[in-house]
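Let me begin by presenting the structure, written as C-alpha cells, before commenting on it.
Just so it is clear: chains get the letters A, B, ... in the order the sequence lines come, proteins before strands, and each one is counted from 1. Below, each value reflects all heavy atoms present in this structure, side chains not excepted, and no hydrogens, waters or symmetry copies.
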Amino acid sequence: MAAQKYVMGSLFRKLIKPIIRPPLLIRQPNKFRQEEAPFIPFSQLQQIKLLESEITHTLDSCTSLTKIKQAHAYIIRKGLHQCSYIIAKLLRMISKVDVPMNPYGISVFSQVKYPNPFLYTALIRGLTIDGLFKESVLVYISMRKDGVTPVSFTLTALLKACSSQMNAHLGRQIHGESVKLGGFSLDMFVGNTLIDMYVKCGWLDCGRRVFDEMPDRDLISWTSLIVAYAKNGDMGSARELFDGLPVKDMVAWTAMVTGFVQNAKPREAMDYFERMQRVGVETDEVTLVGVINACSQLGLSKYANWVRDVAERSGFSPKDNVVVGSALIDMYSKCGSLEGANEVFKTMQEKNVYTYSSMIVGFAIHGLANSTLELFEEMVKKDVMPNHVTFVGVLTACSHAGLVDKGQQVFEMMEKSYGIKPSYDHYNCMVDLLGRTGRLEEALKLIRSMPVEPNASVWGALLGACRTYSNPDVAEVAARQLFKLEPDGIGNYILLSNIYARAGRWEDVSKARKLIREKGLRKNPAFSWVEGRKGDIHEFYAGDLTHPRSGEIDRDLEDLIDRLKLNGYNPNLSCVLYDVSDEEKKRILMNHSEKRALAYALLTTDDGLAIRIVKNLRICEDCHLFMCGASQITQREIIVRDNMRFHHFHDGTCSCHNFW
DNA sequence: GTAGGGTTAG
C-alpha cells in the first residue's frame with residue numbers, strides 16, 4: 001500500500017510539474033509567501049519564459065565583470081532582478097569568471113526578497129570557491145533561519161567547503177541536520193561528497209561507514225574510497241575494492257596507478273597501466289602523469305622512451321601540453337638522461353614554473369650548478385615567477401657544487417626579492433650546503449637561529465654532514481634531537497653508529513646497535529637495480545647471492561677487481577663499519593649491490609651502451625672509487641642514481657668530482 | 001553538485 005502511494009506520488013509530481021512549476025519567481029515555502037507572491041497571468045508567463053531563456057543565453061557568454069554588470073543592468077531593466085532562477089545563474093557566472101563573490105555577488109543576492117534554495121546554494125558555492133568558508137556557513141545559517149529548506153545541492157556545496165577547511169565535525173553536523181529534515185540524506189551526490197569529506201579530513205573509518213550504508217553506490221563512491229585507502233598507504237584494501245568493481249573506468253584505473261606511485265611502488269604502477277591498456281581503457285593527461293612518475297621512480301631509460309611514445313600516441317605531446325611536458329622533463333632527468341630532459345624542454349611551447357623547476361632540479365641532481373643558475377636567470381627574465389620548489393632546486397645545485405657564497409646569497413634573496421619565506425626544505429638545503437663543506441658549527445648555528453622549531457629532516461641533514469666529516473660531537477647533538485623527533489627512525493641510529501665506528505669508538509657503536517635491537521627496528525636492506533638486455537629489471541641485494549647468474553657475476557667481479565688493482569685500486573676498508581678482519585671487510589665490499597649490478601650489466605649488455613644503475617641508499621666511497629676505475633678499464637659510461645643525486649662515471653672520473 | 005594529477009632532498 002505504501003509503495004503504491006509512493007509511485008502515485010512521484011507520478012503525480014511528474015504530471016503536474018509543467019503546470020505548477022513556477023519557472024521564474026519561485027517563492028519560499030515560508031510564512032510570507034502566500035501574501036506577497038505576485039500573481040502572474042498565464043499570458044505573461046509565456047513572455048517571461050522567452051525572456052528567461054534569452055537572459056540565460058546572454059549570461060553564458062559573460063566573461064568579465066563589465067559584461068556581468070551589463071547583464072545585471074539588463075535584468076533589472078526587465079524587472080527580473082527578483083527572480084531567484086536568473087540571479088542564481090548570474091551568481092554561477094560570477095564564480096566562473098573570477099569576479100569576487102564578496103561583495104559583488106552578495107549585493108546582487110541581497111536584492112532578491114525571497115531567495116529560493118537554489119539561489120542560496122549558488123551563493124554558498126560561490127563563496128566556497130573563493131575560499132570564504134565562514135561567509136558560506138553564515139549564509140547557510142541565515143538560510144535556515146529564514147525557514148528555507150536546503151536541497152541536495154546545498155549540502156554538497158557545504159560539505160565541500162568543510163572538506164577544504166578540514167572541518168569534518170561541522171560537515172557531520174550539517175549532514176545530520178539535513179537527515180532530520182528528511183528526503184535526500186543519502187542520495188548519491190551527497191553520499192559521495194560526504195565520503196570525500198571524511199576521507200580528506202582523515203576520517204577514513206567514517207568514510208567507509210557512509211559507503212557501507214549508502215543504498216546505491218556508483219563508480220564515484222568506489223573510486224573515492226580506493227583513493228582514500230591509497231593515500232593512507234593501504235594498497236591492499238585499495239586493490240581489494242578495485243577488484244570488486246564490475247566496471248572500471250579510466251578514473252578508477254588511474255587512481256590505482258597513481259596510488260602505487262604515491263606508495264613508491266613503481267613496478268606495480270607500470271603493471272596496472274599495462275593492464276589498463278590491454279583492456280582498452282583510454283588514457284588521458286592524468287593517467288599519463290601517473291605513469292610518467294612511476295617511470296621517474298624506476299629511473300630506467302628504456303621505459304622512459306616507451307612512456308614518451310605512449311604520451312605522443314595518446315595525443316599528449318610535450319610540445320603543446322605543459323603538464324605532460326614538465327612531468328617528462330622530471331622523468332628523463334631521473335632516468336639519468338639530461339639530454340632527453342633538455343630535448344623535451346626545448347620543444348615545449350609553453351613553459352611555466354613547473355617546467356622550469358623540473359629542469360632546474362634536473363640540472364641540480366646531476367651536479368650542473370652553472371646550468372642551474374643560468375636557467376634560473378632565464379626564467380626570471382621571462383617573467384616566470386619562481387616558487388619554493390624552484391629555490392630548493394637552486395640551493396641543491398649550490399650545495400652539490402660547494403658554492404657556499406652563492407647559496408647564501410640565493411637564500412637571502414628568496415624572501416627579499418620574491419617574498420618566499422624559507423621553509424624547512426630550504427633550511428634543509430642550507431644545512432646541507434654548510435655541512436658538506438665542513439662548516440658544521442655554522443650549520444648548527446643556522447638551525448638554532450630558525451624562527452620555527454627545527455624538524456627531523458633539518459637535524460638529519462646535519463647528522464649526515466657529521467658522517468662525512470667524522471665529527472661525533474656535533475653528531476651527538478643532532479642525534480639527541482632526532483631520537484626525540486623520530487624515535488623509530490632506524491637511519492638515525494645507523495648513521496650515529498657509523499660515525500662512532502669511523503672515530504674508532506667501538507663501545508659507543510655497540511651501544512647504538514643495542515638501542516636498535518632493543519627497539520626491535522630492522523635495517524633497510526641496501527639494493528640496486530639495473531636494466532637487462534631486453535629492458536627487464538634485475539635487483540641485487542647486498543650480500544644476496546641468489547641471482548641465477550651469481551656464479552658468473554662472482555667470477556667476473558673478482559676478475560675486474562684484479563684488473564683494477566693493477567691500475568692502483570685499493571679497496572677502501574674504512575667503508576666497512578664493522579669490527580671484523582680485513583679479509584671479511586674485502587668480502588663485504590665485494591658484495592655491495594651496485595658492484596654486483598655493474599658486473600651483471602657488463603655481462604649482459606652491449607659495448608658502447610651506457611650502464612644505468614639505480615640504488616636505494618647513498619653510494620659508499622669504495623663503490624665510488626670502484627666505478628671510476630671500472631669506467632676507465634671497460635671504457636663504458638656508468639650512470640649511478642643513488643638516493644641523493646646522479647654520478648656519471650666516464651673514463652676514470654665522476655661528474656661529482658668526488659664531492660657528494 | 002560527486003571520483004584520479006604536475007616540480008623537493010636527506
Side-chain angles (χ1 to χ4, degrees), chain A residues 92 118 121-122 124-125 128 151-160 163 187-197 199 217-228 230-231 249-259 261-262 284-293 296 321-331 333-334 352-362 364-365 386-396 399-400 423-429 431-433 435-436 456-465 467 489 491-492 495 617-618 642-645:
Chain A
R92 279 196 286 275
F118 296 98
T121 305
I124 290 172
R125 267 188 60 77
T128 307
V151 291
S152 174
F153 271 137
T154 326
L155 213 56
T156 49
L158 281 164
L159 292 176
K160 245 194 144 171
S163 133
D187 87 353
M188 208 118 75
F189 284 130
V190 173
N192 289 343
T193 317
L194 200 57
I195 293 179
D196 195 55
M197 181 199 70
V199 161
R217 308 179 192 113
D218 61 0
L219 244 177
I220 295 178
S221 336
W222 291 81
T223 313
S224 299
L225 215 55
I226 288 174
V227 170
K231 293 227 160 105
D249 69 350
M250 178 170 71
V251 179
W253 277 102
T254 306
M256 289 303 285
V257 172
T258 318
V261 171
Q262 285 160 350
D284 75 354
E285 196 188 41
V286 184
T287 325
L288 280 172
V289 167
V291 202
I292 294 172
N293 285 338
S296 311
N321 190 309
V322 66
V323 178
V324 169
S326 305
L328 283 174
I329 290 174
D330 176 60
M331 175 193 75
S333 82
K334 289 200 177 130
N352 63 15
V353 59
Y354 290 95
T355 323
Y356 277 102
S357 303
S358 300
M359 199 64 232
I360 282 175
V361 170
I365 57 178
N387 65 11
H388 58 289
V389 180
T390 322
F391 282 105
V392 169
V394 177
L395 291 175
T396 307
S399 171
H400 286 316
S423 69
Y424 283 122
D425 299 333
H426 303 111
Y427 276 103
N428 206 345
C429 290
V431 170
D432 193 50
L433 173 76
R436 263 171 210 275
S457 53
V458 175
W459 287 115
L462 184 64
L463 190 62
R467 195 200 74 127
N492 306 325
L495 256 179
L617 300 177
R618 198 160 126 154
D642 69 7
N643 62 348
M644 311 274 229
R645 55 166 294 157

Considering only [options], which nucleotide approaches the side chain of [X] most closely?
| X | options | value |
| --- | --- | --- |
| A/H400 | B/dG10, B/dG4, B/dG6 | B/dG10 |
| A/T287 | B/dA9, B/dG4, B/dG6 | B/dG4 |
| A/V392 | B/dT8, B/dT2, B/dG6 | B/dT8 |
| A/V322 | B/dG6, B/dT2, B/dG10 | B/dG6 |
| A/T193 | B/dT2, B/dG6, B/dA9 | B/dT2 |
| A/D218 | B/dT7, B/dG4, B/dT2 | B/dT2 |
| A/M250 | B/dT7, B/dT2, B/dG4 | B/dG4 |
| A/E285 | B/dA3, B/dG4, B/dG5 | B/dG5 |
| A/D330 | B/dT8, B/dG10, B/dG6 | B/dT8 |
| A/N428 | B/dG10, B/dT2, B/dG5 | B/dG10 |

Check: [N] base within 3.5 Å donor-acceptor of [X] side chain:
| X | N | result |
| --- | --- | --- |
| A/D425 | B/dT8 | yes |
| A/S358 | B/dG6 | no |
| A/T223 | B/dA3 | yes |
| A/D284 | B/dG4 | yes |

What nucleic acid atoms does [X] come within less than 4.0 Å of, heavy atoms only: base, sugar-phosphate, or nothing?
| X | value |
| --- | --- |
| A/V323 | base |
| A/H426 | nothing |
| A/V389 | base |
| A/T355 | nothing |
| A/M256 | nothing |
| A/S224 | sugar-phosphate |
| A/R125 | sugar-phosphate |
| A/T258 | sugar-phosphate |

What is the distance, rounded to the nearest whole Å, between atom [atom1] of [X] and atom [atom2] of [N]?
| X | N | atom1 | atom2 | value |
| --- | --- | --- | --- | --- |
| A/R217 | B/dA3 | CZ | C1' | 15 Å |
| A/I195 | B/dG4 | CD1 | P | 12 Å |
| A/H388 | B/dA9 | NE2 | C1' | 13 Å |
| A/L328 | B/dG6 | CG | C1' | 11 Å |
| A/M331 | B/dG6 | CE | P | 15 Å |
| A/L463 | B/dG10 | CG | P | 14 Å |
| A/L225 | B/dG4 | CG | P | 12 Å |
| A/L462 | B/dG10 | CG | C1' | 12 Å |

Specify the closest pair of heavy atoms between [X] and [Y], including all atoms of both residues, with the distance to one decimal.
| X | Y | value |
| --- | --- | --- |
| A/A255 | A/T223 | CB-CG2, 4.1 Å |
| A/G259 | A/A230 | CA-CB, 3.8 Å |
| A/R645 | A/I365 | CB-O, 3.3 Å |
| A/H400 | A/A364 | CD2-O, 3.5 Å |

Check this one for me: any side-chain N or O of [X] less than 4.0 Å away from OP1 or OP2 of [N]?
| X | N | answer |
| --- | --- | --- |
| A/K231 | B/dA3 | no |
| A/R436 | B/dG10 | yes |
| A/Q262 | B/dG5 | yes |

- Message: Here's a test for you: under side-chain contact (heavy atoms from CB on, under 4.5 Å), which of A/V190, A/I195, A/N192, A/T154 qualifies with A/L159?
- Response: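 Of A/V190, A/I195, A/N192, A/T154, side-chain contact (heavy atoms from CB on, under 4.5 Å) with A/L159 is met by A/V190 alone.
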
- May I ask you to test the A/T193-A/L155 pair for a side-chain heavy-atom distance under 4.5 Å?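 Sidechains of A/L155 and A/T193: no contact.
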
- Message: Does any part of the side chain of A/L158, heavy atoms only, come nearer than 4.5 Å to the side chain of A/I124, both counted from C-beta?
- Response: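 With C-beta onward as the side chain, the pair touches.
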
